[in-house]
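All ligand and atom numbering here is 1-based and tracks the order in the structure.
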Amino acid sequence: YASEASEYTGGPTFELSEEQVGIRDLARSFTANEIIPVAAEYDRTMKYPWEVIKKAHAEGLLNVHVPEEYGGAGLSVMSSSIVSEELAYGCTGIQTAIEANGLASAPLIVAGSDAQKRSYLGRLTEEPLMCAYGVSEPGAGSDVASIKTKATREGDKFVLNGQKCWITNGGCWYFVLAKTDPTAKPHKALSGFIVDASTPGITVENKLINMGQRCSDTRIINFENVVVGKENLLGREGDGFKIAMGAFDITRPLVASGAVGLAQRALAEAAKYAHDRKTFGVPIIQHQAIGTLLAEMAIGVETARNAVWRAACAKDNNDPRTTYLASVAKAYASRVAVTNADKCVQIHGGAGYNTEYPAEKLFRDSKIFELYEGTTQIQNLIVSRVVANDYA
Ligand code: CS8
Ligand code: FAD
């Protein structure tokens with residue numbers, strides 16, 4: 001858990017402001033009261049956590065980084081990361097559903113006009129509505145520039161055709177990345193659109209059944225001759241790739257903070273069990289081998305949180321190394337989530353393999369952090385390009 005508030009302003013500090021402590025405490029008590037008691041049931045039934053989301057909206061814990069002028073809480077990425085970590089401590093399936101709204105909103109925050117923001121972000125803050133970020137396709141996940149969905153210009157309109165895959169949250173509107181100029185170089189060929197989910201020609205396929213985070217809703221969405229106006233174009237034609245990437249500078253630190261929340265929960269569950277469970281006449285926490293596992297888990301949590309806060313503050317301060325730091329945080333925190341969940345199961349012994357304890361759910365839920373929002377190999381690619389440049 002993060003430390004308490006401090007007045008210290010003498011340099012790099014890891015203390016939270018009074019406001020951030022308040023936000024953290026609100027999110028923490030929401031998690032304790034509204035998420036933890038229902039998490040196992042939502043996982044078992046795979047039901048969309050709509051009731052929890054509605055309550056989160058009422059508490060102001062949804063769309064937290066939507067600017068205040070558009071009705072949001074206007075939190076910095078740093079403050080938003082505190083909320084994500086706390087929600088993820090309770091259930092990363094529920095947190096992903098909540099966070100996916102933040103991801104869908106990010107391209108609008110990066111490139112939307114005032115009218116687009118008022119219309120689409122405003123709607124989200126007025127009532128609990130979900131939206132989605134539609135970039136990945138069956139044939140293109142890591143290699144975003146190779147997407148095939150087309151948006152063909154016809155006068156003042158664009159006609160969208162294609163298929164998006166793995167889209168989290170069905171929702172009321174989508175950010176859709178599509179190819180507008182097949183003759184341009186791949187990165188200049190793409191444009192970003194905001195598309196109302198009710199537009200004729202959109203069909204949403206059945207929920208995909210995943211290993212973990214099973215209450216989060218992931219689907220294929222088809223676009224067949226979907227007509228949108230030019231007012232639905234974000235930025236200019238050809239800006240889409242950079243808008244889609246710019247969104248990740250906001251959301252990768254937030255996904256990474258979700259991974260920290262899961263890693264912290266794994267540590268807490270493992271330590272609790274290690275106090276309770278006795279072997280060879282003593283609680284297993286007294287066996288040095290178990291103590292070492294717990295220490296490694298704590299080291300992972302502390303260092304991953306530092307990496308997340310570094311990346312989040314970089315984004316808030318327009319640091320030119322934001323993308324690099326976001327990838328460092330995402331790659332590192334997701335690895336810590338996976339290894340902590342693994343150690344949590346190990347410390348539980350056979351009980352860790354059983355649904356009676358949260359350990360097995362943490363294990364299943366953790367793996368996705370190394371896959372979505374850019375796989376670990378892609379984060380490493382981004383980091384390695386910067387390293388190659390730094391030492392050229
Ligand atoms: O393709 C890039 C990439 O990031 N791939 C991974 C895709 C990914 O992360 N997908 C996630 C989908 S969403 C999801 O999973 C949601 S999970 C559910 C919700 C979770 C909520 C909890 C890449 C591989 C990094 C780069 O691709 P390349 O084709 O090699 O392009 P580059 O040469 O790097 O860049 C081309 C131009 O774009 C500019 N660029 C790159 N990054 C940025 C950022 N901001 C602005 N502009 C950017 N971050 C770059 O500078 C190049 O510009 P030029 O002017 O051409 O020089
Ligand atoms: P591929 O790109 O086919 O990669 C396969 C393997 O090759 C991976 O190990 C990858 O790391 C590796 N690889 C690929 N290229 C390289 C390279 N250059 N160097 C080294 N290794 C490489 N997308 C959205 O747009 N919106 C969403 O809301 C969304 N939600 C998701 C929710 C879930 C539960 C899941 C599973 C996915 C979601 N995604 C979403 C898609 C997700 O972002 C992609 O699955 C991810 O980016 C990887 O793409 P891929 O699955 O096509 O794998």
Side-chain angles (χ1 to χ4, degrees), residues 80-81 84-85 87-88 92-107 110-111 130-147 149 163-171 174-177 184-190 207-221 235 238-259 261-262 314-315 318 320-327 330-331 334 364-365 367-386 389:
S80 303
S81 80
S84 302
E85 180 185 330
L87 300 180
T92 54
I94 294 173
Q95 180 252 343
T96 287
I98 289 175
E99 201 70 66
N101 257 33
L103 171 64
S105 310
V110 168
M130 307 314 279
C131 47
Y133 178 93
V135 167
S136 305
E137 299 182 356
S142 301
D143 185 6
V144 171
S146 74
I147 60 158
T149 297
Q163 191 176 51
K164 295 294 175 182
C165 187
W166 297 117
I167 305 310
T168 305
N169 282 352
Y174 312 123
F175 166 72
V176 180
L177 191 66
K185 288 196 175 142
H187 301 105
K188 308 266 184 221
L190 308 180
K207 175 182 162 108
L208 300 166
I209 308 301
N210 295 327
M211 175 198 292
Q213 302 199 347
R214 287 163 79 92
C215 71
S216 175
D217 192 277
T218 325
R219 294 179 191 247
I220 289 174
I221 303 181
D239 285 352
F241 185 84
K242 289 188 183 179
I243 294 171
M245 293 299 125
F248 295 145
D249 290 349
I250 300 172
T251 55
R252 281 183 181 147
L254 299 180
V255 170
S257 62
L262 187 148
K315 175 62 193 162
N318 293 321
R321 287 169 84 85
T322 295
T323 305
Y324 160 83
L325 290 166
S327 287
K330 164 69 168 64
S334 60
R364 285 186 288 106
D365 287 352
K367 185 60 201 174
I368 189 62
F369 284 102
E370 294 193 311
L371 300 169
Y372 66 15
E373 287 260 336
T375 64
T376 297
Q377 288 70 38
I378 292 305
Q379 310 309 328
N380 287 342
L381 176 73
I382 293 167
V383 173
S384 68
R385 284 175 176 175
V386 174
N389 191 49

Novice: State whether the side chain of Ser146 and the backbone N or O of Asp143 hold a donor-acceptor pair below 3.5 Å, judged by distance alone.
Specialist: yes

Novice: Can you check atom 3 (O) of ligand 2: any protein non-hydrogen atom closer than 4.0 Å?
Specialist: no

Novice: For atom 1 (O) of ligand 1, tell me which residue out of Ser142, Ala247, Ser327, Ala326 has the closest non-hydrogen atom.
Specialist: Ser142

Novice: Would a 4.0 Å cut-off, counted as strictly less than, catch a protein heavy atom around atom 7 (O) of ligand 2?
Specialist: no

Novice: Nearest heavy atom to atom 16 (C) of ligand 2 wins, so pick from Ile378, Asn380, Leu177.
Specialist: Ile378

Novice: Identify the closest protein heavy atom to atom 48 (C) of ligand 2: which residue and atom is it, and at what distance?
Specialist: Thr375 CG2, 3.8 Å

Novice: Do the non-hydrogen side-chain atoms of Val110 and Ile250 ever get within less than 4.5 Å of each other?
Specialist: yes

Novice: Does the protein place any heavy atom closer than 4.0 Å to atom 25 (O) of ligand 2?
Specialist: yes

Novice: Under the 4.0 Å line, does any protein heavy atom show up next to atom 40 (C) of ligand 2?
Specialist: yes

Novice: Looking at Val255, which atoms of ligand 1 are within less than 4.0 Å of one of its heavy atoms?
Specialist: 22 (C)

Novice: Starting from atom 36 (C) of ligand 2, find the nearest protein heavy-atom neighbour and note its residue, name and distance.
Specialist: Ile368 CD1, 3.4 Å

Novice: Nearest non-hydrogen contact with atom 38 (O) of ligand 1 belongs to which option: Phe175, Phe241, Tyr133?
Specialist: Phe241

Novice: Could you tell me which atoms of ligand 2, counted from 1 in the order shown, lie closer than 4.0 angstrom to a heavy atom of Gly141?
Specialist: 47 (O), 49 (O), 50 (P), 52 (O)

Novice: Using non-hydrogen atoms of the residue, decide whether Val135 is closer than 4.0 angstrom to ligand 1.
Specialist: no

Novice: Could you check which of Phe175, Tyr174, Trp166 puts a non-hydrogen atom nearest to atom 37 (C) of ligand 2?
Specialist: Trp166

Novice: Any idea which part of Thr218 is under 4.0 Å from ligand 2, heavy-atom wise: side chain, backbone, both or neither?
Specialist: side chain

Novice: Is there a protein heavy atom at a distance of less than 4.0 Å from atom 56 (O) of ligand 1?
Specialist: no

Novice: Flag atom 10 (C) of ligand 2 as yes if some protein heavy-atom distance to it falls below 4.0 Å, otherwise no.
Specialist: yes

Novice: Report the nearest protein non-hydrogen atom to atom 43 (O) of ligand 2: residue, atom name, distance rounded to 0.1 Å.
Specialist: Ser136 OG, 3.6 Å

Novice: Which option out of Leu371, Thr376, Leu381 puts a heavy atom nearest to atom 46 (C) of ligand 2?
Specialist: Leu371

Novice: When you compare the side chain of Gln213 with that of Thr168, does any pair of heavy atoms fall below 4.5 Å?
Specialist: no

Novice: Any side-chain heavy-atom pair from Arg252 and Lys315 closer than 4.5 angstrom?
Specialist: no

Novice: Does Thr168 approach ligand 2 within less than 4.0 angstrom via side chain, backbone, both or neither, non-hydrogen atoms only?
Specialist: both

Novice: Among all protein heavy atoms, pick the one closest to atom 15 (N) of ligand 2 and tell me residue, atom and distance.
Specialist: Ser142 CB, 3.9 Å

Novice: Just so I know, are the side chains of Glu370 and Thr375 near enough to count as touching, which here means a heavy-atom distance under 4.5 Å?
Specialist: no

Novice: For ligand 1, find out whether one of its N or O atoms is nearer than 3.5 Å to an N or O atom of Lys242.
Specialist: yes

Novice: Nearest heavy atom to atom 22 (C) of ligand 2: which of Gln377, Lys367, Glu373 does it belong to?
Specialist: Gln377

Novice: What is the ring orientation for Phe248 with Tyr133, classed by angle as parallel under 30°, tilted 30 to 60°, or perpendicular over 60°?
Specialist: tilted

Novice: Run the numbers for me: atoms of ligand 2, each under 4.0 Å from some heavy atom of Asn210, listed by number.
Specialist: 34 (C)

Novice: Would you check if there is a donor-acceptor pair between the side chains of Glu373 and Thr251 at a distance under 3.5 Å?
Specialist: yes

Novice: Looking only at non-hydrogen atoms, which of His187, Glu99, Arg385 approaches atom 26 (C) of ligand 1 most closely?
Specialist: Arg385

